[in-house]
Asker: 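Below is one structure. I have some questions about it.
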Amino acid sequence: MRHIGVLALQGDFREHLTALARLGVCTTAVRSPAELSQLDGLVIPGGESTVIDRLARSYGLTDPLRELIASGVPVYGSCAGMIMLADRIENPAISATGRVQESFGGIDMTVRRNAFGRQVDSFESSLKFNGIELDAVFIRAPEAVQIGPTVQVLCSVPAQLPGFHDRIVAVRQGNLLATSFHPEVSGSNAIHEFFINMTRGDA
Ligand code: GLN
């Protein structure tokens with residue numbers, strides 16, 4: 001049985017644990033470096049990337065997570081998790097002490113936080129992912145505004161205005177997968193199934 005961890009520092013990790021358990025994988029809520037060993041995959045949930053960054057550092061998880069990502073273990077980041085997997089954040093938060101928000105990195109892309117507006121601008125959209133139609137929920141979602149040559153675009157939403165580019169909302173680079181939206185909220189299994197297949201080497 002596949003064993004998938006969900007980073008459980010902040011955000012909607014419970015919904016991911018439920019979605020994964022429903023699909024028959026063994027799950028662990030990860031809060032310590034020791035819990036990263038023996039995993040076939042890891043999910044970084046949505047939430048607030050500034051808080052995930054801060055808590056990961058105080059739990060001593062930042063470097064172990066960077067090592068896990070670099071080791072090739074499949075990692076999936078949703079929303080704030082997508083921000084955490086980006087090599088570059090276009091508009092990082094800066095704390096009162098002047099510290100600039102950091103990501104774990106891994107995917108050669110620049111993300112813009114809150115690219116679709118604020119909480120009140122949250123929306124649901126029907127998207128095609130891997131040939132499957134799914135309902136995608138966007139909550140203060142990021143967008144990939146620049147991607148490197150090895151990054152594959154899996155989903156984009158059409159530009160609102162003529163002459164503008166479609167907006168990239170799901171990407172893959174090797175064993176790393178990221179979506180701007182929250183599949184664990186809409187009840188659609190397609191993304192989790194795709195990720196589980198990635199951990200098997202089948203996707
Ligand atoms: N805007 C949030 C951030 O910067 C992400 C929102 C979400 O995960 N729903 O982390």
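Atoms considered below: every heavy atom in the structure, side chains included; atoms not considered: hydrogens, waters and symmetry mates. In listed order, ligands and their atoms are each counted from 1.
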Asker: Is any side-chain heavy atom of I44 closer than 4.5 Å to one of V75?
Answerer: yes

Asker: Atom CG in L61, atom CG in L36: separation rounded to 0.5 Å?
Answerer: 6.0 Å

Asker: Does the ring of Y59 carry R54 above it, NZ/CZ under 6.0 angstrom from centre and within 45° of its axis?
Answerer: no

Asker: Parallel, tilted or perpendicular: which fits the ring planes of F116 and F138, with parallel below 30° and perpendicular above 60°?
Answerer: tilted

Asker: Every pair of nitrogen or oxygen atoms between ligand 1 and the protein that is under 3.5 angstrom apart - can you list them with their distances to 0.1 Å?
Answerer:
unit_1, atom_1, unit_2, atom_2, d
ligand 1, 1 (N), N114, OD1, 2.6
ligand 1, 1 (N), R140, O, 3.0
ligand 1, 1 (N), R140, NH1, 3.4
ligand 1, 4 (O), S49, OG, 3.1
ligand 1, 4 (O), R113, NE, 2.9
ligand 1, 4 (O), R113, NH2, 3.0
ligand 1, 8 (O), G47, N, 2.9
ligand 1, 8 (O), G47, O, 3.1
ligand 1, 8 (O), A80, N, 3.0
ligand 1, 9 (N), I139, O, 2.9
ligand 1, 9 (N), H182, NE2, 2.9
ligand 1, 10 (O), S49, N, 2.5
ligand 1, 10 (O), S49, OG, 2.8

Asker: Measure the acute angle between the ring planes of Y76 and H16, then classify it against the limits of 30° and 60° as parallel, tilted or perpendicular.
Answerer: perpendicular

Asker: More than 12 non-hydrogen atoms from neighbouring residues, nucleotides or ligands closer than 6.0 Å to CZ on R99, yes or no?
Answerer: yes

